[in-house]
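Data first, discussion second: the structure below is written as structure tokens.
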Amino acid sequence: MNEEKRATFGGRISAVLVAAGSAVGLGNIWRFPYLAGENGGGAFLVIYLAAVLLIGLPLMISEFSLGTATRHNAVGAFRALNKRWAVVGYMGILSSALILSFYLVVAGWTAEYMVHSVTSDLVRNTDPASHVAAFEQFVGHPWKPVIYALLFSLATHLIIVLGVQKGIERASKVMMPVLLLVLVVLAVNSMLMPGGMEGLKFFLNPDFSKVTAETILLAVGQAFFSLSIGLGTMITYASYFKQGTSVQGTALQVTLLDTFVAVMAGLVIFPAVFSAGIEPGSGPSLVFITLPSIFSTLPMSGFWSTIFFLLLVLAALTSTISLHESVTAYVEEEWKMSRQKAARLTTLLTGLLAVMASLSLGIWKEYTICGLTFFDSLDYLTANILLPLGAFLTCLFVGWKFDRTLFAQQLYPNGIMGREYPILRFMIRYICPIILFVIFADNLGLI
Ligand code: PHE
């Protein structure tokens with residue numbers, strides 16, 4: 001497809017907003033706090049921050065540069081530069097479809113909680129045990145969560161077929177500032193809760209004694225998941241950037257924003273967890289049992305709860321859109337299909353997998369893969385294997401195969417190299433791949 005015909009986002013601010021819309025989502029507010037809670041709190045936070053800075057940022061810049069240089073989807077981008085490396089693109093498309101499948105399930109939960117904030121006494125109950133029970137009852141329900149996941153899939157589909165510019169940009173522009181504001185208000189409120197300081201200590205005081213090779217892999221995987229990198233989403237999005245959009249400026253802002261939201265989510269969750277006597281290692285249910293406990297202590301609890309879950313739904317939606325878009329753009333461009341058809345195919349496939357993932361937490365609980373439910377295995381396979389592997393290969397490609405002049409042109413369109421260039425290149429060529437290799441080797445027990 002030539003450049004003229006391809007849709008573009010409206011400029012610098014839009015590029016930041018849509019990329020941040022992809023990055024900020026359930027990864028920050030649902031996945032990050034529960035992983036931190038299960039893996040030592042502060043220690044996890046420190047490793048996570050190091051991973052974001054050392055690998056996440058250089059990798060996002062790398063993916064952006066592949067997108068702006070080729071103006072193609074993830075597979076097309078690699079193929080245009082070097083046929084053999086198209087396999088990294090294929091891996092990314094697979095990861096996108098698999099992530100979307102279980103992501104829709106959790107997104108459905110947030111939609112359900114939003115509806116219940118308005119209609120039921122979800123937030124009027126002050127006893128954490130009742131929130132645990134309510135969560136388990138909902139997630140295990142034979143059909144309700146399935147319906148919510150499918151509705152979410154449908155909403156994503158509609159925005160995708162409305163087109164890149166109108167749908168995605170409009171959705172991202174409104175919600176981001178409001179989400180940030182509400183998070184700050186809630187964080188302050190949580191820290192003022194009785195016993196909240198204990199939670200703050202847990203989250204901010206690193207205790208490295210519990211850190212294992214697996215903890216490091218989990219933190220790195222979470223960094224990729226949260227930044228939407230290692231699977232070509234950012235390649236696809238950057239292919240829509242307007243000429244002259246700053247690659248490294250956009251990457252830096254998106255990374256900072258995404259990290260800020262994750263840290264704020266921790267500051268909202270952990271003080272409340274300790275204040276209400278909830279177990280920080282509760283796993284994927286953590287946010288869903290902690291948030292209602294927070295809201296129940298607030299005046300106008302239903303109002304806060306509704307606003308918050310509405311924002312969470314929107315944050316999740318801008319992320320499902322980006323996942324869907326990666327797959328749709330691939331099918332549309334590589335299989336030469338109409339956008340409508342490509343989107344329909346993507347929705348059907350991921351919708352079906354989402355139904356299976358949802359049921360695997362309820363009536364299909366007994367069926368497990370290596371001891372994990374289908375839902376958990378999708379999560380584990382993508383975040384801890386496919387994304388780090390995709391990231392590793394992308395670094396190798398951009399560092400060693402991608403024409404260095406073409407790379408530099410993406411970063412410095414006016415020809416004046418910035419001072420950070422040699423450092424960045426060194427990170428991409430050596431530091432990132434070596435760190436990722438060591439983490440893998442360590443987890444496989446090779447070193
Ligand atoms: N980054 C998103 C989140 O944190 C999830 C996502 C992962 C989106 C990969 C696109 C690609 O919720």
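Start at 1 and go down the list; that is how both ligands and their atoms are numbered. Residues: numbered from 1 along the sequence shown.
Shown in contact with Asn28 at under 4.0 Å from a heavy atom are these atoms of ligand 1, numbered in order with element: 4 (O). Ligand-side atoms of ligand 1 in range of Leu26: 12 (O), range being under 4.0 angstrom from any heavy atom. Atoms of ligand 1 found under 4.0 Å from any heavy atom of Gly27 (numbered from 1 in listed order, with element): 3 (C), 4 (O), 12 (O). Set against the non-hydrogen atoms of Ser322, the atoms of ligand 1 under 4.0 Å away are 8 (C), 10 (C).
Looking only at protein heavy atoms, the nearest one to atom 12 (O) of ligand 1 is Tyr103 OH, 2.4 Å. Shortest contact from atom 2 (C) of ligand 1 to any protein heavy atom: Ser22 O, 3.2 Å. Residue, atom and distance of the protein heavy atom nearest to atom 8 (C) of ligand 1 are Ser228 OG, 3.3 Å. Closest to atom 4 (O) of ligand 1 among all protein heavy atoms lies Ala23 O, 2.8 Å.
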side-chain hydrogen bond (donor to acceptor under 3.5 Å, both in side chains) between Thr215 and Thr212, intermediate numbers included: CA-CA 5 Å; Thr215 320; Thr212 62; 3.0 Å; yes
Trace of the ring pair (Phe, Tyr, Trp, His ring centres under 6.0 Å) decision for Trp109 with Phe288: CA-CA 9 Å; Trp109 299 345; Phe288 290 92; 5.5 Å; yes
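In the model, His324 has no side-chain atom that pairs as donor or acceptor with a side-chain atom of Thr320 under 3.5 Å. When only modelled atom types and interatomic distance are considered, Ser319 and Ser322 share no side-chain donor-acceptor pair under 3.5 Å. Side-chain contact check for Thr233 and Ser22: no donor-acceptor pair (N or O, by modelled atom type) lies under 3.5 Å.
A side-chain contact (heavy atoms from CB on, under 4.5 Å) with Leu186 is found for exactly one of Ile269, Leu181, Ile307, Val268, namely Val268.
Ring to ring, Tyr34 and Trp30 are close: their centroids are under 6.0 angstrom apart. Here the two rings, on Phe392 and Phe440, have centers that are 6.0 Å apart or farther.
Note on ligand 1: Phe32 sits outside its first shell, no heavy atom being nearer than 4.0 Å.
In terms of polar-atom proximity, defined here as any N/O pair under 3.5 Å, Phe225 does make such a contact with ligand 1. Considering backbone and side-chain N/O atoms, Ser226 comes within less than 3.5 Å of an N/O atom of ligand 1.
Residue-level proximity to ligand 1 for Leu231 is carried by the side chain, the only part with a heavy atom below 4.0 angstrom.
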